[in-house]
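All ligand and atom numbering here is 1-based and tracks the order in the structure.
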Amino acid sequence: MSEEQKQADNRARPTTSEFRAFVAEDWAPSDGATPQQRASAPFAAARREALSAAHPGDRLIIPAGGLKVRSNDCDYVFRPHSAFVHMSGLGADTEPDSVLVLEPNEAGGHDATIYFRPLAPRDSEEFFGDARYGEYWVGARPTLEEMEADTGLTARHIDEFIDAALKDAGDTTIRLVRDADRELTTDLDARRTAAGAEAEGLEAADDELAHTLSTLRMVKDEWEIEQMQAAVDATKVGFEAVIDDLDDAVAAGRGERWVEGVFGLHARHQGNGVGYDSICAAGDHANTLHWIKNTGEIKDGDLILLDAGVEVDSLFTADITRTLPVSGTFSDTQREVYDAVHEAQQAGIDAVRPGAKFSDVHAAAIAVIAEKLHGWGLLPDGVSVEDTLDKEHGQYHRRWMVHGTSHHLGIDVHDCAMATREEYIDGELKPGMVLTVEPGLYFKASDLKVPERFRGIGVRIEDDVVVTEDGCRNLSEHMPRSSAEVEAWIAEVRAR
Ligand code: GLY
Ligand code: MN
Ligand code: MN
């Protein structure tokens, strides 16, 4: 036996057939209560109808994905693929290695089946012997009956999947969500090609499915908007816990990590966790747009930019930013920058209405940013606000706000990523769309083009809004935004 093999065996435990028989016996039956259908199920069914209508006659395969190794024999917490979540109605923890298949039927629609690993019986090898899937180690999975009751889908054992997926493969267009489970994709590519499909056409057919799935998420249904509101409400709790704990964060040292931990505690307590890594950026770190190292100190007198969102158990996430004065009060210069960003954000929010273009929101916000920068004399000599806003010849203002003002928000923080430019940036806003409005101004400590008093100040304000019939509703309206309201909020939370 090689040294490596000796090492690989280092945690093996002796088992005997007597022991195996012994662990398989005398377990009381599980409580066996059939679950109620989850509230998302009828909405997921309606989404599947829309997907079916977009791809008549095609077999549509939407994997959840499998467990992902974090290191050695430890996995990350499982999160199913977003398209699978949307089309199955399932959420946190459900269900590694499942695959949703929409099979074309004779009525011109599709029948939906979920293939998954149902709970293994207690006398199976898996129950006791499999540390990754076994009930003894990681808890019970649903049975086929429970999955059907929970989702309203037909449920089958995963062992039946390959035959179902490949049935009439030469004659049926099979479309697969490719990025959910890379191993499965490689396997199905080989099998589809062997069955006569053209290798070059596979990806194009699959990309069309990915595109449809992305665009079907642009307008949220009533249940999704409730989930978004729940995510925002949970996020408010996390922000208030951070505000309440800022003194401790300052005192503890490495305060950005403290803030990350406090927000993460509430995210994990109230939902599945954070919807993306929290940006906890004090002082000049706020000017590093994706500052997720969070290794810095927080000092009294600093601003702290907290960009964080709770992902609820249905896997919809909020995406909120507040920039808070650690002392409870903005300095004059901090307030000047903050108020400029707030004015830009309000202009952006005011531009959100049905019929407006998605890009109008950015145009409204960035016009204010450009005016402010011009007013401070930061644009090059002779460059007017109009000049800098010129897309071909200007854009000097982007030195201080390089990112867009908005993105779609939902199961993914940057939702609907496969929609085309025409549908997304140039698309019209419709009731039910959920977007962020998040302008900022970033004056790095090393930026010699700005007056010294601005250096090291970074501000972003980010809210989540839903387009309504006649404008928009700010889902995060209850989280104070103006500089005066933020100061009052900090004082109120600290006084609780
Ligand atoms: N938190 C990522 C973003 O605001 O887009
Ligand atoms: Mn955002
Ligand atoms: Mn954000």
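At a threshold of 2.8 Å, the Mn ion (ligand 2) has no backbone or side-chain N, O or S atom of His414 nearer than that distance. In summary, Asp319 places an N/O/S atom under 2.8 Å from the Mn ion (ligand 2), meeting the contact criterion.
Using a 4.0 Å cutoff on heavy atoms, His414 counts as a contact of ligand 1.
With salt bridges taken as basic N to acidic carboxylate O contacts below 4.0 Å, one links Asp307 and Arg460. With respect to Asp332 and Arg453, no salt bridge is recorded, no charged nitrogen being found less than 4.0 Å from a carboxylate O. The residues Arg141 and Asp93 are annotated as not salt-bridged, no charged nitrogen and carboxylate oxygen being separated by less than 4.0 angstrom. A salt bridge is defined here as a Lys NZ or Arg NE, NH1 or NH2 lying under 4.0 Å from an Asp or Glu carboxylate O, and Arg353 with Asp360 fails to meet this definition.
Closest N/O/S atom of Glu462 to the Mn ion (ligand 2): OE2. Distances from the Mn ion (ligand 2) to each N, O or S atom of Glu438 single out OE2 as the nearest.
Interface of Tyr276 with ligand 1, defined as ligand atoms under 4.0 Å from a residue heavy atom, comprises 1 (N). Ligand 1 places these atoms under 4.0 Å from at least one heavy atom of Glu462: 4 (O). The distance from ligand 1 to the heavy atoms of His407 drops below 4.0 Å at these ligand atoms: 3 (C), 4 (O), 5 (O).
No close placement of the Tyr276 and His414 rings is indicated, their centers lying 6.0 Å or farther apart.
Of all protein heavy atoms, the one lying nearest to atom 3 (C) of ligand 1 is Asp319 OD2, 3.3 Å.
By the 6.0 Å and 45° rule, Arg117 stacks over the aromatic ring of Tyr133.
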Trp258/Asp245 under side-chain hydrogen bond (donor to acceptor under 3.5 Å, both in side chains): CA gap, chis, key distance, verdict: CA-CA 9 Å; Trp258 189 277; Asp245 233 34; 2.8 Å; yes

